[in-house]
Amino acid sequence: MKTRRSDRLVDMARYLLEHPRQLISLSFFAQRYESAKSSISEDLSIIKRTFDERGTGLLHTVPGAAGGVRFISAMSQAEAQEFVAGLCTMVADATRVLPGGYVYLSDILGRPDILRPAGRLITSQYLDCEIDAVMTAATKGIPLAQSVAEELNVPFVIVRDDAKVTEGPMVSVNYLTGSTKRVEKMALSRRSLKPGARVLIVDDFMKAGGTIQGMQTLVHEFDGTVVGTAVFAEGRSTVRLLDNFTSLLHVETNLANGEPIRVNPGNFEQEIYQ
Ligand SMILES: O=P(O)(O)OC[C@H]1C[C@H](OP(=O)(O)OP(=O)(O)O)[C@H](O)[C@@H]1O
């Protein structure tokens with residue numbers, strides 16, 4: 001039975017949002033709603049206009065017989081600025097300061113209402129990048145990595161600080177923790193990444209960057225490519241082992257003027273879209 005336009009628009013928008021970065025042919029929608037391709041094409045124009053006006057994300061059209069449409073999850077500049085301003089206020093709490101320049105974030109990174117927009121904002125930094133997997137280090141980076149992976153519609157892989165029998169054969173690397181100048185080990189199951197995988201590295205917090213650097217080394221052990229590195233927050237550190245990364249927040253503690261904590265927007269690209 002032919003589906004009315006109003007019903008098609010609601011269901012089509014939901015389907016697109018639930019299948020980000022997947023190319024979906026007009027024939028698929030035409031069969032799903034028993035409607036003509038010309039009607040589907042008009043439907044998609046309405047959805048694209050609304051998504052653009054509301055900052056929902058991008059709807060790319062791929063022309064040709066093998067073409068279709070692809071929804072790209074993204075966050076508009078206005079929404080990003082408002083979201084990060086709220087995070088700055090939330091994190092700028094002296095009781096969050098931990099020894100060694102770390103900050104307690106686990107409550108914030110356990111909230112779906114924060115993880116979802118944080119995943120969209122991080123994803124927005126890589127709109128034109130092809131990404132096969134998200135990589136994070138156990139444990140605190142896992143919720144954020146899952147959110148980013150969901151917005152990219154790709155798997156996320158978890159690097160551990162020790163080999164596990166239950167992970168099968170593993171690839172391990174040693175890395176220098178900049179903060180404590182100790183040599184540490186991290187390992188990833190051989191099954192986790194295909195050779196040549198394009199990987200986005202995500203973590204909750206970066207201080208010296210040793211953990212991130214270790215994950216970058218691991219990606220190269222799989223002959224992979226590091227597409228980018230994104231952290232929820234970067235702390236200040238006398239040692240900084242890498243400088244090419246994206247952060248949502250910049251956190252300073254133990255400030256010279258006796259201020260317990262200062263939180264500002266990180267270095268994420270604000271001119272995302274719109
Ligand atoms: O930039 P660096 O100096 O390497 O520090 C950032 C590390 C340290 C901390 O993890 P831990 O608290 O060590 O481990 P877990 O996430 O398992 O709690 C954080 O989650 C980052 O992964």
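Atoms within a ligand are numbered from 1 in the order they appear, just like the ligands themselves.
In this structure, the side chains of L188 and L193 come closer than 4.5 Å at one or more pairs of heavy atoms.
Atoms of ligand 1 found under 4.0 Å from any heavy atom of M206, numbered from 1 in the order shown, are 1 (O). Each of the atoms 1 (O), 2 (P), 3 (O), 5 (O) of ligand 1 lies under 4.0 Å from some heavy atom of K207. Taking a cut-off of under 4.0 Å to the non-hydrogen atoms of A208, the atoms of ligand 1 that pass are 1 (O), 2 (P), 3 (O).
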Checklist entry - Hey, mind stepping through E167 and R191 against side chain to side chain contact (heavy atoms under 4.5 Å, CB included) and telling me if it holds? => result CA-CA 8 Å; E167 289 286 310; R191 291 177 169 80; over 6 Å; no

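Nearest-heavy-atom check against atom 20 (O) of ligand 1 across V159, D204, D203 picks out D204. For atom 16 (O) of ligand 1, the choice among L105, T139, T136 with the nearest heavy atom turns out to be T139.
Closest approach of V148 to T123, counting heavy atoms only: O-OG1, 4.0 Å.
Considering backbone and side-chain N/O of G209, one or more are found under 3.5 Å from N/O of ligand 1.
For residues 36-59, the pairs satisfying ring pair (Phe, Tyr, Trp, His ring centres under 6.0 Å) are F51-F71, with sequence neighbours left out.
Enclosure of atom CZ in R54 is not indicated, since only 12 or fewer non-hydrogen atoms of other residues, nucleotides or ligands lie within 6.0 angstrom.
The closest approach between A138 and ligand 1 falls below 4.0 Å for a heavy atom of the residue. Residue contact check for ligand 1: G141 places no non-hydrogen atom closer than 4.0 Å to it.
Partners of H19 according to the ring pair (Phe, Tyr, Trp, His ring centres under 6.0 Å) rule, which considers only residues two or more places apart in sequence or in another chain, are Y15.
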